[in-house]
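Okay, structure first, notes after.
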Amino acid sequence: MRDPVQPFSFAVKVGHVSANPITVHMEADERERAALAKTWGVLSVSAFSADFSVVRWKRDGIRLFGTVHAVLEQACVVTLEPIEQTIEEEIEVLFVPEGSKLARNEAVNGELIIDADAPDLPEVFAGDTIDAGAVAAEYAAMSIDQYPRKPGVGFVEHIESDGTEPDARPSPFAVLKGWKGDSQ
């Protein structure tokens with residue numbers, strides 16, 4: 001089942017998930033890859049797929065884990081030439097229904113304690129489905145190189161200071177030097 005709002009969507013019915021893992025394979029068609037490229041701000045997406053296992057977690061939660069694969073083309077930040085990036089991302093996400101105690105952060109004396117090393121809190125879902133396609137697209141998007149550069153290419157016109165002399169700022173009046181007014 002596809003969601004028309006997301007560039008890539010694949011709904012998984014939670015009621016069909018048991019303690020035995022369900023294997024899900026999803027692959028974007030040409031229209032969906034074009035929508036993903038537009039959403040991600042890249043030149044093109046030539047491949048996008050995901051293979052997940054979906055299994056029941058605790059009493060009413062869902063654990064989704066597997067691999068996202070994408071091949072996309074971006075413009076080099078130096079030369080603007082197209083370059084290819086391949087994404088292979090292992091993911092694991094926990095989901096719980098709305099109102100679940102497992103999704104809440106506990107406040108201590110009115111303060112919310114967040115441990116950066118602790119596992120992420122589960123995602124919350126509404127109804128009887130989770131969108132595994134949106135999860136795959138989100139994790140792929142987070143893996144895109146924000147500053148892609150062709151191998152061996154650098155900023156050749158950029159001059160770095162050697163640190164021996166302080167950098168001098170040009171005077172804003174330097175352009176007026178040598179200028180003589182006609183109002184004499």
Side-chain angles (χ1 to χ4, degrees), residues 1-14 17 21-55 57 61-98 100 102-103 105 112 114-127 129-160:
M1 188 185 317
R2 304 283 180 175
D3 179 354
V5 177
Q6 296 287 336
F8 185 72
S9 179
F10 191 92
V12 175
K13 293 275 188 193
V14 174
V17 178
I22 297 172
T23 302
V24 176
H25 173 78
M26 58 193 95
E27 195 162 333
D29 61 25
E30 187 175 335
R31 180 186 53 78
E32 291 165 328
R33 290 192 314 268
L36 286 168
K38 183 178 179 182
T39 301
W40 294 342
V42 299
L43 299 175
S44 68
V45 177
S46 58
F48 181 77
S49 63
D51 291 295
F52 291 141
S53 291
V54 185
V55 66
W57 179 73
I62 299 294
R63 180 175 167 241
L64 178 119
F65 59 98
T67 306
V68 175
H69 172 77
V71 179
L72 51 100
E73 192 173 67
Q74 298 176 269
C76 171
V77 294
V78 179
T79 66
L80 299 180
E81 294 176 50
I83 56 173
E84 186 176 275
Q85 179 185 3
T86 300
I87 295 171
E88 229 23 82
E89 187 71 28
E90 294 288 327
I91 71 167
E92 180 175 355
V93 184
L94 299 174
F95 292 91
V96 293
E98 287 179 317
S100 174
L102 296 171
N105 270 333
L112 185 62
I114 298 175
D115 183 1
D117 296 326
D120 292 339
L121 285 176
E123 300 285 328
V124 176
F125 69 91
T129 60
I130 57 173
D131 191 346
V135 171
E138 178 183 338
Y139 275 81
M142 289 188 294
S143 298
I144 294 173
D145 184 356
Q146 296 299 306
Y147 303 100
R149 189 171 10 164
K150 286 184 81 166
V153 173
F155 294 102
V156 292
E157 297 297 320
H158 183 73
I159 300 172
E160 288 288 331

Side chain to side chain contact (heavy atoms under 4.5 Å, CB included) involving Ser46 - partner list, sequence neighbours excluded: Val71
Counterpart residues, side chain to side chain contact (heavy atoms under 4.5 Å, CB included), relative to Ala134 (two or more places apart): Gln6, Asp131
Phe8 side, atom CZ; Arg31 side, atom CZ - distance, nearest 0.5 Å: 10.5 Å
Leu64 CG to Trp57 CH2 distance, which is reported to the nearest 0.5 Å: 13.5 Å
Closest contact, heavy atoms only, Ala75 versus Leu80: CB-O, 3.9 Å
With Glu81 via salt bridge (Lys or Arg N to Asp or Glu O under 4.0 Å) - residues at least two apart: Lys150
Option among Val124, Val17, Ile62 that satisfies the side-chain contact (heavy atoms from CB on, under 4.5 Å) test with Ile130: Ile62
Passing option when Tyr139 is tested against Ile87, Thr67, Ile91 for side-chain contact (heavy atoms from CB on, under 4.5 Å): Ile91
Spacing of CD belonging to Glu27 relative to CZ belonging to Phe10, to within rounding of 0.5 Å: 11.5 Å
With Asp145 via side chain to side chain contact (heavy atoms under 4.5 Å, CB included) - residues at least two apart: Gln74, Gln85, Tyr147, Pro148
Ala141: side chain to side chain contact (heavy atoms under 4.5 Å, CB included) partners, not counting sequence neighbours: Trp40
Beyond-backbone contact of Lys38 with Pro7, side-chain heavy atoms, under 4.5 angstrom: no
Residue pairs involving residues 87-97 (criterion salt bridge (charged side-chain N to carboxylate O under 4.0 Å, His left out); sequence neighbours excluded): Arg63-Glu92
Minimum heavy-atom distance between Ala137 and Leu36, given as atom pair plus value: CB-CD2, 3.9 Å
Within-4.5 Å side-chain heavy-atom neighbours: Thr86 and His69: yes
Residues in side-chain hydrogen bond (donor to acceptor under 3.5 Å, both in side chains) contact with Glu84, at least two apart in sequence or another chain: none
Any Leu72 side-chain heavy atom under 4.5 Å of Phe48 side chain: no
Contacts of Arg33 that satisfy salt bridge (Lys or Arg N to Asp or Glu O under 4.0 Å) - sequence neighbours left out: none
Shortest non-hydrogen contact between Ala132 and Val12, atoms and distance: CB-CG2, 3.9 Å
Distance in Å, Phe95 CZ paired with Thr129 OG1, rounded so as to fall on 0.5 Å steps: 10.5 Å
Partners meeting ring pair (Phe, Tyr, Trp, His ring centres under 6.0 Å) with Phe52 (sequence neighbours left out): none
Residue pair His25, Thr23: steps toward the side chain to side chain contact (heavy atoms under 4.5 Å, CB included) verdict: CA-CA 7 Å; His25 173 78; Thr23 302; 5.9 Å; no
